[in-house]
Number of protein chains: 2
Amino acid sequence: MATLKDVAKAAGLSVGTVSRVLNNRGYISEETRQGVYTAMERLNYQPNEVARSLSRQKTNTIGLIMPSIEHPYFAKLISCLERAAYEREYKVLLFCAYGIDDQEKKFVEACRSNRVAGLIICSDTVRTQTFNNLGFPLVSYERYLDSSDACVLCDNHEGGRMAAQELIAKGCRRIGCLSGTSRVGMPADTRKEGFLEACRQQEIETIELDFPPERTIDTRYYPDILEFMKKNEGIDGLFCGSDVIAAEAIQAAVELGVSIPDRLKVIGYDDTLLSELTMPKITTIHQPVKEMAEMCIDLIDKKNNGDFVPARTIFHVSLVNRGTT
Amino acid sequence: MATLKDVAKAAGLSVGTVSRVLNNRGYISEETRQGVYTAMERLNYQPNEVARSLSRQKTNTIGLIMPSIEHPYFAKLISCLERAAYEREYKVLLFCAYGIDDQEKKFVEACRSNRVAGLIICSDTVRTQTFNNLGFPLVSYERYLDSSDACVLCDNHEGGRMAAQELIAKGCRRIGCLSGTSRVGMPADTRKEGFLEACRQQEIETIELDFPPERTIDTRYYPDILEFMKKNEGIDGLFCGSDVIAAEAIQAAVELGVSIPDRLKVIGYDDTLLSELTMPKITTIHQPVKEMAEMCIDLIDKKNNGDFVPARTIFHVSLVNRGTT
DNA sequence: TATGGTATGTCAACCGTTTAACATGTTTGA
DNA sequence: TCAAACATGTTAAACGGTTGACATACCATA
């Protein structure tokens, strides 16, 4: 592939001058600039980003460590992150831990090797993990991490509370709470706390069903949910920790001949594509994923510019009323 | 961050020797090897992949250009590709075109700049596009591309035929065919052809509904499907070009009080996570995405080794019987 | 004792680009 | 007419690692 040297030769200029054109440094005449552009065109030249990165001592790549790609929530998150990164001229290096032990640590090392401009972690493989002297900003997303430079969250507690409010307002008096538990303390765990707290305050009965830590996307909650609903017939409301759980709750309800939202009201969490593809569509708690993703990139930029970054940035959530309440 | 030189100094060795340890070249005593390892450990050393790539004149990064991330099918595909890449020691650079014009071309240039080891394209932004002198193998996935080194496909025609077969076997005599059309000629278009051909051969009536090219994931087919079903009441079967379409068809059927699979049988395409989360679950055509993803990486490896690669590799599809037929 | 394998060091070139220092012109304007 | 701005060139070092040529040992074995 053509190099700067080739372009210089083709344009009858020195490498220094061509580099000036590329980087907009120093004085350049319009004529020379055009000459360089046509030479680049003719040679089908693309600057070698690898050499550039080495010379500049930084890349324009951001690392992403996710627990899953296929799960609708993470698919949405990755999509938003890719877009936000692209808009800031970053490229995205994607890693997925799939709940496999040690993957996360390896990926962090891979990011170090590749000298990424920043790293966004949303995975939860390792219980506690301190990453020091990374050499680039570390942003944790919906996860507490001692060594992160910044943490982007949404108000999970409030989301749980809002869900409870909605179900109670629609007349539910005996509500099931279906949520996955994490091995580590994750912010998402507080959804349940917020929910239970709100119910307690209004003296609404709650019955909990906790799922073991989700290891892979293949984990199905359906059998547990079905059993739970059979065992607790009087339930008239269901708070689900994610839209996936809500979708399976709907399946169980249909299976048992319980009509939604007449006899049972269901509320999900995440506002993913899935919440629009079930029947009825899922009333859910919306997380401003797009804005949160943009904030992640923003925080990396800021940190790299030596600007101040807050330890935690917490976003509001909102209720999206669809068909299940 | 620590460099090779630092490690050499710490271990009391020359840079050359340390490099030998890292790359398993020449003679190295066990003692020296351990000395290098402990020094690396102590300095928290990670080889600079950027410098390595420049020196070796190749990266271990594979570029991915997708049309969408959030769409369940592409989420699944990206997931499989990430895994397959990781298993071969590749990292994945993810780009998403979102149906925006020219994005694809820009992404290809970005991949050239980053000197990727190979590029997998599944996008369809530009009608015709020839990429020449890329400097790395180009694999197209479910897409025809003149300039690609290899094309990985599944037997869409056969998938359409199988779907028809299933619906007819289950008693359908008047079948709707709901599918998106691409502006460019895409392999997926042949699903419909296979389906229609099989119906014609068995003299089964078909009624088509074509959706305009899908530009973003936000495109909802629901209104069109609902209208279509109202207008064509006698329909007892539905072939859908994707699971998303099938999910929306189910919504429309429930809305109209048409019970599935009793009065209407529906068959989807892709076998994504979504097909397990609707009620009833979607009978669908399974694509061996995992194997196809592995093949993509394999073809890049082969091409880079100077091995022969077939122009097209076509995979079998299969029917997954769930609840809608 | 000579040979060849083992183990390490030194040195230099190279990958493609950036950047600074410095030199050498040509224009332009006050 | 002289200084400042403009335009380009030359040269060299730097980024961090790879690789090959070559030198220098030590040690075992035939």
Side-chain angles (χ1 to χ4, degrees), chain A residues 1-37 39-40 43-61 109-117 133 135-136, chain B residues 1-37 39-40 43-61 109-117 133 135-136:
Chain A
M1 226 179 288
T3 68
L4 248 202
K5 213 187 270 183
D6 299 325
V7 175
K9 199 179 291 175
L13 293 164
S14 73
V15 176
T17 304
V18 178
S19 177
R20 266 173 220 156
V21 172
L22 258 102
N23 298 289
N24 275 311
R25 274 184 310 116
Y27 298 117
I28 294 291
S29 70
E30 196 46 41
E31 197 191 336
T32 300
R33 192 180 297 277
Q34 288 312 320
V36 170
Y37 286 152
M40 293 198 320
L43 296 176
N44 196 14
Y45 172 78
Q46 276 293 125
N48 186 329
E49 207 49 64
V50 179
R52 278 188 149 176
S53 297
L54 179 60
S55 182
R56 292 182 178 154
Q57 289 286 78
K58 60 172 191 161
T59 65
N60 47 11
T61 302
E109 293 310 310
C111 286
R112 286 224 307 147
S113 263
N114 282 273
R115 303 296 194 262
V116 295
N133 295 100
F136 46 79
Chain B
M1 225 179 287
T3 69
L4 246 202
K5 211 187 272 182
D6 300 325
V7 174
K9 198 180 291 175
L13 293 163
S14 72
V15 176
T17 303
V18 178
S19 177
R20 266 171 219 156
V21 172
L22 257 101
N23 299 289
N24 275 312
R25 275 183 311 118
Y27 297 116
I28 294 290
S29 70
E30 196 45 41
E31 198 192 335
T32 301
R33 192 180 296 278
Q34 288 312 319
V36 170
Y37 285 152
M40 294 198 319
L43 296 176
N44 197 15
Y45 172 78
Q46 276 294 125
N48 186 330
E49 208 48 66
V50 179
R52 278 189 151 175
S53 297
L54 179 61
S55 181
R56 290 183 180 152
Q57 289 286 80
K58 62 172 190 160
T59 66
N60 48 12
T61 303
E109 293 310 310
C111 285
R112 285 227 305 148
S113 263
N114 282 275
R115 303 296 194 264
V116 296
N133 296 100
F136 46 79

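Basis for what follows: all heavy atoms, side chains included, without hydrogens, waters or symmetry-related copies. Keep in mind that this is a model prediction, so the values were computed, not measured. Letters A, B, ... mirror the listed sequences (proteins, then strands); counts begin at 1.
Using a 4.0 Å heavy-atom distance criterion, Gly12(B) is classed as a sugar-phosphate-only contact. At the heavy-atom level, Leu22(B) lies nowhere under 4.0 Å from the strands shown.
One interatomic measurement links the two molecules: CD1 of Ile28(B) to C1' of dT6(C), which rounds to 11 Å at whole-angstrom precision. Rounded to whole Å, atom C1' of dC15(C) lies 8 Å from atom CG of Asn48(A). One atom, CG of Asn60(B), and another, P of dT18(D), lie 12 Å apart when rounded to the nearest Å. Rounded to an integer number of Å, the gap from NZ of Lys5(A) to C1' of dT10(D) is 14 Å. Whole-Å rounding puts the Asn114(A) CG to dC15(D) P distance at 20 Å. Rounded to an integer number of Å, the gap from NZ of Lys58(B) to C1' of dT18(D) is 13 Å. One atom, CD of Glu31(B), and another, P of dC27(D), lie 13 Å apart when rounded to the nearest Å. The separation between Leu4(A) atom CG and dC15(C) atom C1' is 13 Å, rounded to whole Å.
Summarising the geometry of Leu4(A) relative to Leu22(A), their closest heavy-atom pair is CD2-CD1, 3.9 Å, with the distance given to 0.1 Å. Closest of all the heavy-atom pairs between Phe136(A) and Arg112(A) is CE2-CA, 3.7 Å. The nearest pair of heavy atoms linking Ala2(A) to Arg115(B) is O-NH2, 4.2 Å. Scanning all heavy atoms of the two residues, the minimum distance from Leu54(B) to Ala51(A) falls at CD1-CB, 3.8 Å.
Closest to the Ser19(A) side chain, of the nucleotides dT19(D), dT19(C), dG17(D), is dT19(C). Nearest to the side-chain atoms of Ser55(B) among the listed nucleotides dC15(C), dA7(C), dA14(D) stands dC15(C). Counting only heavy atoms from C-beta on, Leu13(B) has its side chain closest to dT8(C) among dC15(C), dT18(D), dT8(C). Of the candidate nucleotides dG16(C), dT18(C), dT6(C), dG16(C) has the atom lying nearest to any side-chain atom of Leu54(A). Of the listed nucleotides (dT18(C), dG9(D), dG16(C)), dG16(C) has the atom at the smallest distance from the side chain of Thr3(A). For Asn23(A), counting side-chain heavy atoms from C-beta on, the closest listed nucleotide (dT19(C), dT6(C), dT18(D)) is dT19(C).
A residue-by-residue look at Val18(B) and Met1(A) shows that Val18(B) has its nearest nucleotide of DNA chain C further toward the 5' end. Summary of the strand contacts: Gln57(B) and Val15(B) both lie near DNA chain C, and taking for each the nucleotide with the nearest heavy atom, the more 5' one is attributed to Val15(B).
In this structure, Tyr27(A) does not reach the dG9(D) phosphate: none of its side-chain N or O atoms is under 4.0 Å from OP1 or OP2. Residue Ser29(B) has a polar side-chain atom (N or O) positioned under 4.0 Å from OP1 or OP2 of dT8(C). Applying the 4.0 Å criterion to OP1 and OP2 of dT18(D), one finds that Arg25(B) has every side-chain N and O outside that range. Remark: Arg52(B) is not in phosphate contact with dG17(D), judged by side-chain N or O atoms under 4.0 Å from OP1 or OP2.
Below the 3.5 angstrom threshold, one finds no donor paired with an acceptor across the side chain of Ser14(B) and the base of dG9(C). No hydrogens or angles were tested; on distance alone, a donor-acceptor pair under 3.5 Å links the side chain of Arg20(A) to the base of dG9(D).
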Intermediate values then yes/no, side chain to side chain contact (heavy atoms under 4.5 Å, CB included), Asn114(A) and Thr61(A):
CA-CA 9 Å; Asn114(A) 282 273; Thr61(A) 302; over 6 Å; no
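The main-chain N or O of Pro47(A) is found under 3.5 Å from a side-chain atom of Ser113(B) such that the two form a donor-acceptor pair.
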